[in-house]
J.: 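Below is one structure. I have some questions about it.
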Amino acid sequence: MTQPATQPSIRVERTVEWPDTDAAGHYHHSSVIRWVEAAESELHLALGLPELFGHVPRVHYEVDYLERLWFRDQVVVELRIAQVGRTSLTYDFEVCRGETPAARGRLVCVRSEPAGEGAQPWPDDVAAILRGEEPPRT
């Protein structure tokens with residue numbers, strides 16, 4: 001019997017910096033996507049797929065803001081590959097201060113060549129790595 005694949009994920013730590021906040025003194029909604037994209041970049045590196053940069057434009061983004069984060073708070077961003085489709089890649093993410101979730105959401109990307117038109121299928125080897133069916137490239 002084969003073991004089910006473990007969905008690739010990563011955790012990165014960030015500090016809420018002054019430019020991450022808004023006039024109300026807590027984090028601005030746009031900070032979350034920057035933190036998620038930083039985690040995405042780290043995940044691509046960990047999987048040995050740095051070439052994905054510039055080839056996975058966003059087609060859907062949703063987030064629930066659950067708690068306020070303040071200047072100098074320490075946060076952990078957890079990003080997990082939730083689903084790999086024929087041309088798409090769906091991430092689930094959570095931003096926490098300690099054990100308290102502050103933001104939770106989903107980001108959907110598609111594979112696309114910068115000069116190409118529309119979404120294109122994942123190469124089989126890349127899809128297997130993204131699904132956790134194959135080990136990361138070294």
Side-chain angles (χ1 to χ4, degrees):
M1 181 156 114
T2 57
Q3 294 277 26
T6 301
Q7 297 296 85
S9 65
I10 198 158
R11 292 169 56 95
V12 297
E13 295 181 13
R14 290 288 181 264
T15 300
V16 178
E17 301 291 345
W18 184 261
D20 297 327
T21 63
D22 64 13
H26 55 80
Y27 73 126
H28 189 266
H29 69 89
S30 65
S31 300
V32 172
I33 188 64
R34 285 187 294 104
W35 297 332
V36 168
E37 287 180 335
E40 178 188 32
S41 177
E42 292 297 320
L43 180 59
H44 291 174
L45 289 175
L47 295 174
L49 300 171
E51 71 274 12
L52 293 184
F53 178 78
H55 296 271
V56 285
R58 285 76 178 96
V59 295
H60 181 80
Y61 174 66
E62 64 184 71
V63 60
D64 293 318
Y65 298 93
L66 307 167
E67 291 287 334
R68 292 180 182 178
L69 296 172
W70 304 94
F71 177 53
R72 296 193 177 124
D73 277 349
Q74 299 298 307
V75 298
V76 173
V77 180
E78 185 165 358
L79 179 73
R80 179 178 65 83
I81 294 177
Q83 183 177 0
V84 179
R86 188 178 72 80
T87 63
S88 66
L89 174 61
T90 301
Y91 297 107
D92 286 338
F93 63 86
E94 189 169 68
V95 177
C96 295
R97 179 184 53 234
E99 298 296 316
T100 304
R104 185 179 295 133
R106 179 164 274 212
L107 175 65
V108 181
C109 311
V110 296
R111 179 177 179 268
S112 178
E113 293 299 322
E117 292 190 26
Q120 296 147 357
W122 294 105
D124 291 340
D125 61 328
V126 173
I129 293 168
L130 293 172
R131 288 187 183 108
E133 299 166 350
E134 294 290 333
R137 291 182 184 158
T138 54

J.: Would you say Val77 ends up clustered with Leu47 if hydrophobic residues are merged whenever their side chains have heavy atoms under 4.5 Å apart, either directly or through other cluster members?
T.: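 Yes; tracing contacts between hydrophobic side chains, which count when under 4.5 Å, links both residues.
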J.: Hey, which of Leu69, Thr100, Val76 is the one that makes side-chain contact (heavy atoms from CB on, under 4.5 Å) with Val95?
T.: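 By the side-chain contact (heavy atoms from CB on, under 4.5 Å) criterion, Val95 pairs with just one of Leu69, Thr100, Val76: Leu69.
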J.: Work out which heavy atom in Gly85 is nearest to a heavy atom in Arg131; give both atom names and the distance.
T.: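 So the minimum-distance heavy-atom pair works out to O-NH2, 4.1 Å.
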J.: To the nearest 0.5 Å, how far apart are CD in Gln74 and CD in Glu13?
T.: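 If we round to the nearest 0.5 Å, Gln74:CD and Glu13:CD are 7.5 Å apart.
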J.: Where is the tightest heavy-atom contact between Ala46 and Pro136, given as atom of each residue plus distance?
T.: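 Closest heavy-atom pair between Ala46 and Pro136: O-CB, 3.4 Å.
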J.: Below 4.5 Å, heavy atoms only, C-beta onward: do His55 and Ser112 meet side chain to side chain?
T.: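 They are not in side-chain contact.
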J.: Under 4.5 Å between any side-chain heavy atoms of Pro8 and Leu130, yes or no?
T.: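 They are not in side-chain contact.
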J.: His44 vs Phe53, test: side chain to side chain contact (heavy atoms under 4.5 Å, CB included). Steps then yes/no.
T.: CA-CA 8 Å; His44 291 174; Phe53 178 78; 5.6 Å; no
J.: Taking all non-hydrogen atoms of both residues, which atom of Ala103 and which atom of Val63 are closest, and how far apart?
T.: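 In this case the closest contact between Ala103 and Val63 is CB-CG2, 4.0 Å.
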J.: Taking Trp18's backbone N and O only, do any of them form a donor-acceptor pair with Thr21's side chain (distance below 3.5 Å, no angle check)?
T.: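 Checked: pair present.
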J.: Main chain of Val32, side chain of Tyr27: is a donor-acceptor contact present, judged purely on distance under 3.5 Å?
T.: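 No: the side chain of Tyr27 does not pair with the backbone of Val32.
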J.: Rounded to the nearest 0.5 Å, what separation is found between the NE2 atom of His26 and the CG atom of Asp73?
T.: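 Between atom NE2 of His26 and atom CG of Asp73 there are 12.0 Å.
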J.: Considering the options Ile10, Ile33, Leu52, Val56, which one meets the side-chain contact (heavy atoms from CB on, under 4.5 Å) requirement together with Glu40?
T.: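 Single side-chain contact (heavy atoms from CB on, under 4.5 Å) partner of Glu40 among Ile10, Ile33, Leu52, Val56: Val56.
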J.: Donor-acceptor pairs under 3.5 angstrom involving side-chain atoms of residues 120-128: please list them, not counting sequence neighbours.
T.:
unit_1	atom_1	unit_2	atom_2	d
Gln120	OE1	Glu113	N	3.2
Trp122	NE1	Ser88	O	3.0
Asp125	OD2	Arg137	NH2	2.7

J.: How far apart are the C-alpha atoms of Phe93 and Trp35, what are their side-chain angles, what is the distance that settles it, and do they pass the side chain to side chain contact (heavy atoms under 4.5 Å, CB included) test?
T.: CA-CA 10 Å; Phe93 63 86; Trp35 297 332; over 6 Å; no
J.: Closest approach of Thr15 and Asp20, non-hydrogen atoms and distance?
T.: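 Scanning both residues, the minimum pair turns out to be O-OD2, 3.6 Å.
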J.: Can a salt bridge be assigned to the pair Arg80 and Asp92 using a cut-off of 4.0 Å between side-chain N and carboxylate O?
T.: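 Yes, charged N to carboxylate O under 4.0 Å.
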J.: Going by salt bridge (Lys or Arg N to Asp or Glu O under 4.0 Å), Arg104 matches just one of Glu62, Glu78, Glu67, Glu94. Which one?
T.: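 The option that passes is Glu94.
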J.: Of all heavy-atom pairs between Gly48 and Pro50, which one has the smallest distance, and what is that distance?
T.: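 Minimum heavy-atom contact is C-CD, 3.2 Å.
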J.: Assess whether side chain to side chain contact (heavy atoms under 4.5 Å, CB included) is satisfied between Trp70 and Arg97, documenting all intermediate values.
T.: CA-CA 10 Å; Trp70 304 94; Arg97 179 184 53 234; 4.2 Å; yes
J.: For the pair Thr87 (side chain) and Arg111 (backbone), establish whether a donor and an acceptor sit closer than 3.5 Å, ignoring hydrogens and angles.
T.: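 No: the side chain of Thr87 does not pair with the backbone of Arg111.
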J.: Is any side-chain heavy atom of Leu79 closer than 4.5 Å to one of Val12?
T.: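 No, too far: nothing below the 4.5 Å cut-off.
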J.: Measuring from atom NE2 of His28 to atom CZ of Arg34, what distance do you get when rounded to the nearest 0.5 angstrom?
T.: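 Spacing of NE2 (His28) from CZ (Arg34) equals 9.5 Å.
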J.: Checking Glu37 now: which residues fulfil side-chain hydrogen bond (donor to acceptor under 3.5 Å, both in side chains) with it, not counting sequence neighbours?
T.: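 Glu37 satisfies side-chain hydrogen bond (donor to acceptor under 3.5 Å, both in side chains) with Arg58 once adjacent residues are dropped.
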J.: Quick check: does any side chain N or O of Asp64 sit under 3.5 Å from a backbone N or O of Leu66, one acting as donor and the other as acceptor?
T.: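 Judged by distance alone, no pair lies under 3.5 Å.
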J.: Could you go through the side chain to side chain contact (heavy atoms under 4.5 Å, CB included) check for Tyr91 and Leu43 one step at a time?
T.: CA-CA 11 Å; Tyr91 297 107; Leu43 180 59; 4.0 Å; yes
